[in-house]
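First the structure, in the form of structure tokens, and then the observations on it.
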Amino acid sequence: MTSSTRSTLTLTHQEELGMFKKRLGVLSVVGALLAINLSAISAAAEEGTTLPFILRNENFAFEERVAAVIIDAGAVVNDASLSAEDFDVHVVSTRMVDPDVVAYDGPREVTDVYLSEVEDWGFPADEGRYIVLDFAHVGWGDGGTTGDSGFYLEAQYTVTYKGDPITTVDGSTITPTAFEQTGVVSPVLDQYQYATSPEGMEYAYFLNDEVDEPLPLVVYFHGGGQGGDNYNPARFSNGGTVWAEPENQAEFPTHVLVPRTPGFQTDIAAVKGVIDRWIAEGKVDPNRIYMTGFSMGSSSTWAFVSAYPEYVAAAFYGAGTGPQTAELVDAVDHMPLWEWVDEQDFAYDGVLDRFNTWGEYLTDYELTILPEVTLYEYPYNGWTFDGHSSWLVAYNEYVHDTRGTVFDWFFGISRIRGIEEVAVDTVAGVAPELPETVTVDVNHNATGVVSEERSVVWDAIDPAAYGVAGPGVFTVEGTIDGVVEKAVATVTVEYRNRIDDLYDLVADLDLNTGNKKALTVKLSTAERLIATGSTGAASNVLGAFINQVNAFSGTKIPEAQAEELVFAAEETIRSITD
């Protein structure tokens, strides 16, 4: 992919990098701020030392690139004289699945050198244990990419130092004569795993293990020529990885599936098989499955939707195809759809013709036409790409006037459009009777929202919630069949004046006349005080009644009768004081 325009940069490289890091809110995955014990490293490396280094990759919008080489000096360095001219870097990049194929063998230009306290790029400091060799983060043919011709590349870097001895904070020096590559770190992509389904389909995937409940699933289909192996589809551009960026996961937790499509025939049944297994394992919310892809990936999206039109909550696709028959349009009439294309895209005329033919028949469909494919954020800063590369804007920088970003739009959609609000009344001491089913509004892509009765299993209720000391109003959650969202029942407890019941209960007691009369007098006094509005005094009298009953409990009257009397008296106090 070549650039047609590159804007004039007005910020320094480090200033742009700092802004980029601030926007992402990146925390170093490789290292953290190190509490260096200077006494433990006072004997800095001797001259002739071999220093280890890692490659620090970053998945930018267009591609994953080796953003920096990070050298571990083994001691805190404070040498401000280090410069890009002190280092030569050579790269040999070969295909991971076929190391005999060499995609690049040549130099890599060091654009900046700085010290850092953390084993990451973009955190320059006056002193630090790590020496960061920074490279251009935009470029073609410079050895920086990790992908070529649809294949993922493994890079072996050779670093040569040509400068003066490097000084450390304790006054010693380091003169590295060799460097050893010990690892490659790509914080987001390192969280992706690679597998082959029982049906034989290769796929990459990211599973969020921070949230212990079924989550939405984004299924990303790559474009043509990007599926040479199972690693490249997620690593070429960030259409398959932008969902897993830390700041996006914090706001929109989700799982991601990136099927590999070696040719133009996507194994749709195998894709569904992976999703079905994740649903059965409780990982995926079956009502929040989102399909997305560009170019050939839009064809894969619609191959899936055509085969399983009621399976998908929403589709976001572009620079390719869409529904093209009356039958499919009818099947997805009420599916939320969002398509994009660039005016300079060779697919533009076809997209517009299809929009003019079928767009009016789709209930929830939006076509976004981009005037150009320009990325304004770091590291592109106004770089304009080929018109067919519109996914770069769609997944990263585009904000719709009403739909917002694709994240806002996708994760605001569920096939579940509403759940009945349940309200139940009960009286103190009586467990509420909750319904066995609730009404759920479900969006069917062919017909629209339909109200369905779904069975519900309610959480156990603590009897104290509807006891005389309970809150009066409380909620209970229930698990609905086939729905992640919970049903909620609001229970209202009635507290009654039970003076009449108390008279009857006292009359049934096997007590002598004096004890019965003492209890009856307290009840009549409380009744009179209630009638005159003296609820505080009445409560005190009923409290004395309860104390006397408790004194009789287990000796003069059975404990069960005493508990019944106390409960009725406490309910009466609650009813007159609430």
[X] and [Y] aromatic centres sub-6.0 Å:
X: Tyr203; Y: Tyr194; answer: no
X: Trp358; Y: Tyr365; answer: no
X: His255; Y: Phe206; answer: no
X: Phe316; Y: Tyr395; answer: yes
X: Tyr317; Y: Phe221; answer: no
X: Phe410; Y: Phe252; answer: no

Item to complete: Please assess Glu199 against Arg277 for the test salt bridge (Lys or Arg N to Asp or Glu O under 4.0 Å), listing each intermediate value before the final yes or no.
Response: CA-CA 13 Å; Glu199 300 84 0; Arg277 284 187 286 275; 3.5 Å; yes

Show every donor-acceptor pair shorter than 3.5 Å between a side-chain atom in residues 302-314 and any protein atom, with sequence neighbours excluded, or say none if there are none.
| residue | atom | partner | partner atom | Å |
| --- | --- | --- | --- | --- |
| Ser306 | OG | Trp302 | O | 2.6 |
| Glu310 | OE1 | Asn445 | N | 3.1 |
| Glu310 | OE2 | Asn445 | N | 3.1 |
| Glu310 | OE2 | Ala446 | N | 3.1 |
| Tyr311 | OH | Asp276 | OD1 | 2.5 |

Worksheet item: Is any side-chain N of the basic residue among Asp578 and Arg496 closer than 4.0 Å to the acidic one's carboxylate O?
Response: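 Answer for the salt bridge query: no.
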
Discussion item. Asp120 vs Arg56, test: salt bridge (Lys or Arg N to Asp or Glu O under 4.0 Å). Steps then yes/no.
Written reply: CA-CA 7 Å; Asp120 203 354; Arg56 173 60 167 86; 2.6 Å; yes

Worksheet entry | Ile54 and Val184: CA distance, side-chain angles, deciding distance, side chain to side chain contact (heavy atoms under 4.5 Å, CB included) verdict | CA-CA 5 Å; Ile54 63 169; Val184 181; over 6 Å; no

Worksheet item: Between the side chain of Asp345 and the main-chain N/O of Val341, is any donor-acceptor distance below 3.5 Å?
Response: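 No: the side chain of Asp345 does not pair with the backbone of Val341.
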
Practice prompt. Examine distances only and state if a side-chain atom of Asn497 and a backbone atom of Ile576 form a donor-acceptor pair shorter than 3.5 Å.
Written response: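 Judged by distance alone, no pair lies under 3.5 Å.
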
Worksheet item: Which residue, Phe62, Tyr220, Tyr231, forms the ring-ring contact (aromatic ring centres under 6.0 Å, His included) with Phe236?
Response: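 Among Phe62, Tyr220, Tyr231, the one that satisfies the ring-ring contact (aromatic ring centres under 6.0 Å, His included) with Phe236 is Phe62.
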
Fill in: Pairs touching residues 480-492 that satisfy side-chain hydrogen bond (donor to acceptor under 3.5 Å, both in side chains), sequence neighbours left out
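Counting only pairs at least two positions apart or across chains, the side-chain hydrogen bond (donor to acceptor under 3.5 Å, both in side chains) contacts touching residues 480-492 are Thr479-Lys486.
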
Worksheet item: What heavy-atom pair brings His388 and Ala319 nearest, and what distance separates the two atoms?
Response: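 The pair with the smallest heavy-atom distance is CE1-O, 3.2 Å.
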
Discussion item. Checking side chain to side chain contact (heavy atoms under 4.5 Å, CB included) between Leu215 and each of Asp212, Val211, Val218, Leu217, which is the one that passes?
Written reply: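 Between Leu215 and the candidates, side chain to side chain contact (heavy atoms under 4.5 Å, CB included) is satisfied uniquely by Val211.
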
